[in-house]
Visitor: 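This structure is in structure tokens; I'll ask about it shortly.
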There are 2 protein chains.
Amino acid sequence: MTSTTDHAVPPKRRRDRAAREREILDAAERIFGERGYQGTSMDEIAAEVGVSKPLIYQYYGSKDGLFLACLSRLRAQLLDAVSEAVLAAPDAEEAMKAGFVEWFSFLDDHPRAWSVLVDEGMLAAGPAAQAADEVRADFVELIATMVRLNLPAGHAFTEDEIQIVAQSISGATERLAIWRTKHPAPPSPTQTATTLMTFLWQGLNTLRA
Amino acid sequence: MTSTTDHAVPPKRRRDRAAREREILDAAERIFGERGYQGTSMDEIAAEVGVSKPLIYQYYGSKDGLFLACLSRLRAQLLDAVSEAVLAAPDAEEAMKAGFVEWFSFLDDHPRAWSVLVDEGMLAAGPAAQAADEVRADFVELIATMVRLNLPAGHAFTEDEIQIVAQSISGATERLAIWRTKHPAPPSPTQTATTLMTFLWQGLNTLRA
DNA sequence: CCGAGTAACTTACTGGGAGTAACTTGACTC
DNA sequence: GAGTCAAGTTACTCCCAGTAAGTTACTCGG
């Protein structure tokens, strides 16, 4: 008598591809976030999902591919949050500040996301590098747009000059995010954003006053 | 007759520890610079030096340890070059600009060094992470010193605020260095430094004028 | 010149993890 | 219920970081 174990534990049913991909991505995001890229093995992720390793390879191609997929999704969420804050602001100055506040807040509220983002340097070499750059480029473009809006109509700035400014700001925010996580008692997102904003807006020279 | 093969090809003589360590470090720097951290195997470095792998482990402990040693030496050279430029300048503004010019120039002239520096994110996790941070911290400290010198004597800035500014500038320069390597025709070190300097000094707001 | 001691160095291995070839199982269609 | 195709698995290979245990060259006191 096939002792139908009570109310039928659904014993690992098959799911369609999209659902499994999401499941795998969720698990990967969590584990990468906890242990970092190097510290995570594909077997571990497979075990977590309750699936075998080759399935993950079938869907994501490689460890880099899976990591990149996590990275892209997280970056997109972050970009959405920041964009929303920026668009809701009344003027350029407020927009930039709101963007910074949201950036630091989001990272405070999503520590796992954060770890994945930090590890993206891992992809510096290899074929995934270019894809990783493109993901990051969205952010620089948002900043560049804000910078352009802040310049007078007939300004004399070249595209390279605008890029230099936008890249600088992007690099600054990323470094500050890292700094805050190592700081025993980091300044609040608002405070950090305010100081950064003042500095970027006024410049070093006028800070003397 | 021990046929002294002509003018004695020294057939792999032993060397004292310090000399071997330097030899290993040089080879490691070159290969890490060419293939990146992940793409380099310890066997490869060992073969390059003409020595067996365990010797490298005896001297440097681990792959991370060896990489960190390369990183430290390169960072020290870079810091020296930049410090010298900064100290030779007549005032704070010139000092900062000279520092930026030297930073970008050095990285242009030492592409291998550069690749290693980019890959330092590789150490984000693991026990080497803290050591890597300390190496980088020297740079931030140099910048922080310049920032402090530029502020009036009885200023009202907290240490955290100064750190925010210094970290931002450091992050900006690193990101710009990466940007320049991907740029098909990057602006010259002087040009990049000038634009960055103007932006940092005047601030976004005054750029409008 | 010779043995003892030591530092430089090697051979030969383990373990773990990325990636893959080849096969099986379940669900749906006609 | 036979055919078919996607979902999924077992059972490997290879590569590479790291190590245990031994061997060889140099040095220094006698």
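A note on names: the letters A, B, ... follow the listed sequences, proteins ahead of strands, and every chain is numbered from 1.
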Visitor: What is the nucleic acid contact for S41(B), judged by heavy atoms within less than 4.0 Å: base, sugar-phosphate only, or nothing?
Guide: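 Sugar-phosphate, no base atom in range.
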
Visitor: Might you point out which heavy atoms bring A193(A) and V101(A) nearest each other, and give the distance in Å?
Guide: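 Of all heavy-atom pairs spanning A193(A) and V101(A), the closest is CB-CG2, 3.5 Å.
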
Visitor: Just how far, in rounded Å, is P of dT24(D) from CG of L55(B)?
Guide: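 One finds 17 Å between P of dT24(D) and CG of L55(B), rounded.
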
Visitor: Can you tell me the distance, in whole Å, between the OH atom of Y60(A) and the P atom of dA18(C)?
Guide: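 It is 17 Å, rounded to the nearest whole Å.
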
Visitor: Measure from CD on E21(A) to C1' on dA7(D) and round the result to the nearest Å.
Guide: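 That distance rounds to 12 Å.
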
Visitor: Please determine whether the number of non-hydrogen atoms from other residues, nucleotides or ligands lying under 6.0 Å from atom CD of Q130(B) exceeds 12.
Guide: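 No.
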
Visitor: Determine, step by step, whether S170(B) and R175(A) satisfy the side chain to side chain donor-acceptor pair (under 3.5 Å) criterion, reporting the C-alpha distance in whole Å, the side-chain angles of both residues, the deciding distance to 0.1 Å, and the verdict.
Guide: CA-CA 8 Å; S170(B) 168; R175(A) 176 61 83 75; 3.1 Å; yes

Visitor: Rounded off to whole Å, could you give me the CZ-to-P distance for the R17(A) and dA27(C) pair?
Guide: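 R17(A) atom CZ is separated from dA27(C) atom P by 19 Å.
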
Visitor: Checking contacts here: which listed nucleotide (dT10(C), dT19(D), dT10(D)) is nearest the side-chain heavy atoms of S52(B)?
Guide: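 Of all the options, the side chain of S52(B) is nearest to dT10(C).
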
Visitor: Under 4.0 Å from OP1 or OP2 of dG8(D): is there any side-chain N or O of R20(A) that close?
Guide: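 So the side-chain polar atoms of R20(A) do come within 4.0 Å of the phosphate oxygens OP1 or OP2 of dG8(D), strictly under.
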
Visitor: Starting from the 5' end of DNA chain C, give me the residue, D16(B) or K53(B), whose nearest nucleotide shows up first.
Guide: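 Looking at DNA chain C, the more 5' nearest nucleotide goes with D16(B).
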
Visitor: So if I apply the side-chain contact (heavy atoms from CB on, under 4.5 Å) rule between M197(B) and each of K97(B), E94(B), Q202(B), which one comes out positive?
Guide: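 With M197(B) as partner, K97(B), E94(B), Q202(B) yield a single side-chain contact (heavy atoms from CB on, under 4.5 Å), made by K97(B).
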
Visitor: Between dC15(D) atom P and Q38(B) atom CD, what is the distance in whole Å?
Guide: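 My rounded result for the distance is 17 Å.
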
Visitor: Among the candidates dT10(C), dG18(D), dC16(D), find the nucleotide nearest to the side-chain atoms of S62(B).
Guide: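 That would be dG18(D).
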
Visitor: I want to verify a distance call: between dC16(D), dT9(D), dG17(C), whose nearest atom is closest to the D43(B) side chain?
Guide: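 So the nucleotide nearest the side chain must be dC16(D).
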
Visitor: Given dA8(C), dT19(D), dA17(D), which nucleotide is nearest the side-chain atoms of P54(B)?
Guide: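 Looking only at heavy atoms from C-beta outward on P54(B), the closest nucleotide is dT19(D).
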
Visitor: Go through dT24(D), dA18(C), dG8(D) for me and flag the one nearest to the M42(A) side chain.
Guide: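 Side chain of M42(A) sits closest to dA18(C).
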
Visitor: Which nucleotide wins on minimum distance to the side chain of R14(A), given the candidates dA8(C), dT25(C), dT10(D)?
Guide: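 Of dA8(C), dT25(C), dT10(D), dT25(C) is nearest to the side chain of R14(A).
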
Visitor: Judged by atom type as modelled, is there a donor-acceptor pair below 3.5 Å linking the side chain of D119(B) to the main-chain atoms of Y37(B)?
Guide: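 At least one qualifying donor-acceptor pair exists.
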
Visitor: Distance check needed: dC16(D) P versus E44(B) CD, whole Å only.
Guide: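 Those two atoms, CD and P, are 8 Å apart.
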
Visitor: Within this structure, what is the OH-to-P distance between Y57(A) and dA22(C), rounded to whole angstrom?
Guide: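 From Y57(A) OH to dA22(C) P: 19 Å.
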
Visitor: Nearest whole angstrom, please: distance from the C1' of dG18(D) to the CD1 of I45(B).
Guide: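 Those two atoms, CD1 and C1', are 14 Å apart.
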
Visitor: At 4.0 Å (heavy atoms only), tell me whether Y59(A) reaches a base, stays on the sugar-phosphate, or touches nothing.
Guide: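 Since only primed, P, OP1 and OP2 atoms lie under 4.0 Å of Y59(A), the category is sugar-phosphate.
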
Visitor: State which of dA7(C), dG19(C), dT11(C) makes the closest approach to the side chain of K63(A).
Guide: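 From the listed options, dG19(C) comes nearest.
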
